[in-house]
Number of protein chains: 2
Amino acid sequence: MARLKTHDEALRLRLINRAAATVFDRGAGALSLRRLAADVKTSTTAVYSLFGNKAGLIDSLYQEAVRLFLARLTAVRPSDDPAADVVRLGIAYRDYAVANPHLYGIVFADRLDYEPTPERLNEAGSTIQPLVDAVARGQAAGQFKDGSAEVIALSCWGAAHGLVSLELSGNAPTGLDIGAVYEETLHAVVSGWRARAGDGGHSAPPPRP
Amino acid sequence: MARLKTHDEALRLRLINRAAATVFDRGAGALSLRRLAADVKTSTTAVYSLFGNKAGLIDSLYQEAVRLFLARLTAVRPSDDPAADVVRLGIAYRDYAVANPHLYGIVFADRLDYEPTPERLNEAGSTIQPLVDAVARGQAAGQFKDGSAEVIALSCWGAAHGLVSLELSGNAPTGLDIGAVYEETLHAVVSGWRARAGDGGHSAPPPRP
DNA sequence: AGCCGACAGTAACAGTGTTATCAATGCTCT
DNA sequence: AGAGCATTGATAACACTGTTACTGTCGGCT
């Protein structure tokens, strides 16, 4: 055919790794295709033939971030106390976010121009599964109210996500031990969804007039 | 002195309003100084003499967004049921965010290149005050555990922020009635922080073995 | 050997934020 | 009144971005 391909899988990996490193310690805003190409000793053409455009590159980073995130969450092995597992999943959630703030940001925050594809959103959505499973096991063990495990899981997910997000963006009040507040919140939410005597459903109490 | 000033307060307002409108319906990423200046029939110089640079302009938008947000929250008048007030504050929180997603994003999410000044962060931090007050009243009425009202408030704040943030970024699972889950979560968190018989402190329960 | 087409680097294009230049302006001083 | 001049603001230049067109290079096939 023609000359040897150099825009191959190896180059693709080098580009992704370099991009991830840049995003990791300077944020997604500091990612420039020209600099990236120069750093990896190739041309901008490589990015376009391998990823289509910048959004495609970020898409791959997004995918990678989700993969790492999911790995961290599935490392939390189910125990015989599902309610405690929920708390431990929450702690793993924060561990990941604090360790990789910018990668976390690509998936759950910083969103600049980039809009993830529905496919990526689906992948990201799947990271809630370990939590849903833990809640379902908790329900089976009588630790949580009956009803949709997804609802209870999303509730815990939201609490975790919210505090982590406030912490990373600097919007959390200073002078508080955020780690401690975080754990207390997880316990409070879990406690709020605990099955209580004479309470079976999961519907909210009627609004006050 | 010299020629008549046209880069005055009136122009400043027109620029802010136009910028807010652009951000409101096309996001902060679509804000260009050149377009903004052209739209308002002036030159880019105006932005620099009035705001310093683009960050200064966004800083003003940030301030405006916080002002609107605080107005929405203080519109929730304290009732004789502080725990219900906490829930109502949470609902007002979401109402604002859903009504003004991009302005909300400037303060609590989208963060592109822009880093808010400590002063702005302080102002944003003050928006939690109505919630802290409600929690404190609830503690006085025996509805919440004793301990730091800030901690309990931040806990509720985080839950609200998390779910709203997931919703706006499209990371919430589809097929669920988010509004309903949101309210249920608020009730669950409030319930989790409720004072219970024989429980005075606010420390987390000991981890199960 | 010669050729043709896939390939990849260079350079051009349209846009951005920012800054330097410079003409227009109206007060102040002679 | 008229000249001078500091202040003001629009224009144009600069350095950067993502993206695309171009063009020279290369290697297998005829």
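Letters A, B, ... are given to chains in the order of the sequence lines, protein chains preceding strands, and every chain is numbered from 1.
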Protein-nucleotide distance ([X], atom [atom1]; [N], atom [atom2]), rounded to Å:
X       : N      : atom1 : atom2 : value
A:Arg35 : D:dG18 : CZ    : C1'   : 15 Å
A:Tyr48 : D:dG18 : OH    : P     : 7 Å
A:Leu4  : C:dC7  : CG    : P     : 11 Å
B:Leu50 : D:dA10 : CG    : C1'   : 14 Å
A:Asp8  : C:dA8  : CG    : C1'   : 13 Å
B:Leu57 : C:dT18 : CG    : P     : 10 Å
B:Leu36 : C:dT16 : CG    : P     : 11 Å
A:Leu15 : C:dA8  : CG    : P     : 12 Å

Within the structure, does a side-chain N or O atom of B:Ser32 lie under 4.0 Å from either OP1 or OP2 of C:dT16?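 So the side-chain polar atoms of B:Ser32 do come within 4.0 Å of the phosphate oxygens OP1 or OP2 of C:dT16, strictly under.
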Is the phosphate of C:dC7 approached by A:Ser49 (side-chain N or O, under 4.0 Å from OP1 or OP2)? no
Using only modelled atom types and a 3.5 angstrom limit, is any donor from either the side chain of A:Ser43 or the base of C:dA8 paired with an acceptor on the other? no
Side chain of [X] - closest among [options]:
X       : options                : value
B:Arg34 : D:dA13, D:dT17, D:dG18 : D:dA13
A:His7  : D:dG9, C:dG17, C:dG9   : C:dG9
B:Leu33 : D:dA10, C:dT10, C:dT18 : C:dT18

Are the aromatic rings of A:Tyr93 and A:Tyr104 close, with centres under 6.0 Å apart? yes
I want to know whether A:Tyr62 and A:Phe69 have ring centres closer than 6.0 Å.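 Ring-ring flag for A:Tyr62/A:Phe69: false, centres at least 6.0 Å apart.
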Using heavy-atom distances to pick each residue's nearest nucleotide on DNA chain D, tell me which of B:Thr44 and A:Leu31 is more 5'. B:Thr44
A:Thr45 or B:Asn53, whichever maps to the more 5' nucleotide of DNA chain C: A:Thr45
Is the cationic atom of B:Arg94 (NZ for Lys, CZ for Arg) positioned less than 6.0 Å from the six-membered ring centroid of B:Tyr182 and within 45 degrees of its normal?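 Here B:Arg94 passes the 6.0 Å and 45° test against B:Tyr182.
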Kindly compute the distance separating OG (B:Ser49) from CZ (B:Arg12), expressed to the nearest 0.5 Å. 10.5 Å
How about A:Gln129 and A:Asp133: does a side-chain donor come under 3.5 Å of a side-chain acceptor?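 The criterion, which ignores hydrogens and geometry beyond distance, is satisfied for A:Asp133 and A:Gln129.
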